[in-house]
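What follows is a set of notes on a single structure, which appears directly below.
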Amino acid sequence: MRLNTNRRWLLLLIVPQTRRLHTQIKANANANAKSKFKLDPLRIAFFGSDHFSTESLRQIKSLHDQDSSLIDNIKLITRLLKPTGRYMKSVSELPVGVFAKENQIDILRADTQEDIINFLQLNSFNLVIAVSYGKLIPAEFIAKCKYGGLNVHPSFLPKYSGSSPLQYALLNDDQETGVTVQTLHPTKFDHGNIVAKSHAVPILENDNYDSLAKKLGRIGGELLVSVIKDASFVNPKSILEFGEQKRTLAPKISKNESQVLWSESSSRHIKRQFDALGPLFTFLNVKIKRKKQTIEEKQRAILYNVTELKMDPAVVAKQHNLTKPGDFTLVKDGLCIKANTGFILAKGIKMQARAEMTPETFIGSYHKYAGNVPQQFISTLEENK
């Protein structure tokens with residue numbers, strides 16, 4: 001009994017000491033980890049332009065408000081404002097500039113590399129963050145910043161490297177996408193070290209460019225904040241997730257990509273083309289009178305609110321006598337147009353030099369401005385092949 005009593009007292013003495021020692025070791029380890037990655041207060045040069053980049057700026061501004069010891073200062077560097085609209089008399093602020101003004105963030109404007117480098121004379125930045133800026137950040141600028149640079153990119157790099165990853169994900173009818181945070185490469189777009197990747201994000205049936213940009217913008221901002229908090233951008237090494245992927249390019253979309261190629265495209269592709277690029281264009285052969293003369297020419301037509309007709313194609317073709325790609329007619333839900341396979345619906349149309357109109361108005365006044373010509377859209381790119 002005495003032995004057991006002694007052991008009990010011994011345990012009462014040793015266990016608390018062991019626990020305190022374990023706690024101290026853990027605390028020391030945490031302190032060492034924090035000291036290892038302890039950052040100077042971040043002075044961020046944020047390069048951005050659109051709604052996607054605005055979300056990243058919003059979330060690091062929120063982080064700054066929560067912890068000014070982590071982020072000391074943020075300044076926005078964005079493009080010079082240029083006149084737009086009729087007669088080039090309108091000047092509109094960029095989305096990221098609107099947010100900066102509303103939240104008292106200083107704005108610096110630049111269009112050349114020289115302009116950007118000159119900002120270093122009056123500012124002591126130590127981290128660059130570039131999101132949808134559209135131009136390479138000068139290597140000299142990145143080198144002068146102690147912690148280099150970060151970029152938020154809306155794809156799982158190296159897939160869809162380039163300026164239009166969201167559009168290509170929709171055009172290719174991908175089922176999912178995601179966001180990557182990478183370091184800024186001094187001479188190439190999207191060749192930095194991959195620091196973090198988001199979870200896979202489903203691309204839904206009703207997603208379009210705007211909805212996908214909004215969704216990924218929020219996720220990208222959250223991922224950026226986590227990278228800043230854990231300092232994983234300090235001496236980074238590329239992570240290996242989602243397997244080894246082949247680099248694919250998503251270059252700038254040309255205006256011709258918005259033309260519908262009726263004899264080549266399925267109704268599904270045309271629907272996703274609209275989701276990615278917005279209003280689509282096509283052409284119509286017209287035969288009209290001008291100054292008592294009959295003139296034949298091709299006129300551009302713009303299609304709005306394009307969806308895929310979910311009906312048996314054989315039934316639609318037979319019921320409405322639509323046999324050739326580009327053939328169209330008025331149906332209950334809009335303008336029904338035959339694709340190579342399947343049919344689409346357009347709920348708005350604008351003819352050259354005319355205001356946008358409903359399908360009912362378009363068909364009702366068709367012969368007035370198109371003449372006695374078949375109801376068939378054509379594609380100039382197909383004719384040139």
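- When all heavy atoms of A301 and I349 are compared, the pair lying nearest together is CB-CD1, 4.3 Å.
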>> Under the criterion side chain to side chain contact (heavy atoms under 4.5 Å, CB included), I'd like the reasoning laid out for T282 against W262: C-alpha separation, chi angles, the key distance, then a yes or no.
In response: CA-CA 9 Å; T282 184; W262 300 105; 2.9 Å; yes
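- Donor-acceptor pairing under 3.5 Å is lacking for the side chains of N235 and Y147.
- Using a 4.0 Å cut-off between charged nitrogen and carboxylate oxygen, D65 and K61 count as a salt-bridge pair.
- Checked by atom type, the side-chain pair S254/N256 shows no donor-acceptor distance below 3.5 Å.
- Between the side chains of N285 and E296, no donor N or O sits under 3.5 Å from an acceptor N or O.
- In this structure, N372 places its CG atom where only 12 or fewer heavy-atom neighbours from other residues, nucleotides or ligands lie under 6.0 Å away.
- Using a cut-off of 4.0 Å between Lys/Arg side-chain N and Asp/Glu carboxylate O, E257 and K255 are scored as not salt-bridged.
- When H64, R58, Q66 are each tested for a side chain to side chain donor-acceptor pair (under 3.5 Å) with S62, only one passes: Q66.
- Among residues at least two apart or in separate chains, ring pair (Phe, Tyr, Trp, His ring centres under 6.0 Å) pairs with a member in residues 295-347 are F328-F362, F328-Y366, F328-F377.
- Looking at D111 and R79, a side-chain N of the basic residue comes within less than 4.0 Å of a carboxylate O on the acidic one, giving a salt bridge.
- Enclosure of atom NE2 in H185 by more than 12 non-hydrogen atoms of other residues, nucleotides or ligands within 6.0 angstrom is indicated.
- Checking E264 against N340 by side-chain atom types alone, no donor-acceptor pair falls below 3.5 Å.
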>> Under the criterion side chain to side chain contact (heavy atoms under 4.5 Å, CB included), I'd like the reasoning laid out for R43 against L127: C-alpha separation, chi angles, the key distance, then a yes or no.
In response: CA-CA 6 Å; R43 300 179 298 277; L127 176 65; over 6 Å; no
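- D210 and K215 are not joined by a salt bridge, as no carboxylate oxygen comes within less than 4.0 angstrom of a charged side-chain nitrogen.
- Ion pair K347/D333 not flagged as a salt bridge, since none of the NZ, NE, NH1 or NH2 atoms sits closer than 4.0 Å to an Asp/Glu carboxylate oxygen.
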> Can you list the steps and then say if S56 with S53 is a side-chain hydrogen bond (donor to acceptor under 3.5 Å, both in side chains)?
Replying inline: CA-CA 5 Å; S56 286; S53 56; over 6 Å; no
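- Put simply, the side chain of Q375 does not reach to within 4.5 Å of the side chain of D327, judged on heavy atoms.
- For the pair R272 and D173, the salt-bridge criterion is met [side-chain N within less than 4.0 Å of a carboxylate O].
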>> Quick one, V195 with S232, criterion side chain to side chain contact (heavy atoms under 4.5 Å, CB included). Give me CA distance, side-chain angles, the key distance, then yes/no.
In response: CA-CA 7 Å; V195 179; S232 56; 3.3 Å; yes
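- The aromatic rings of F47 and F141 sit perpendicular, their planes meeting at an angle over 60°, well past the 30° parallel limit.
- L204 CG to S211 OG: the interatomic distance, rounded to the nearest 0.5 Å, is 7.5 Å.
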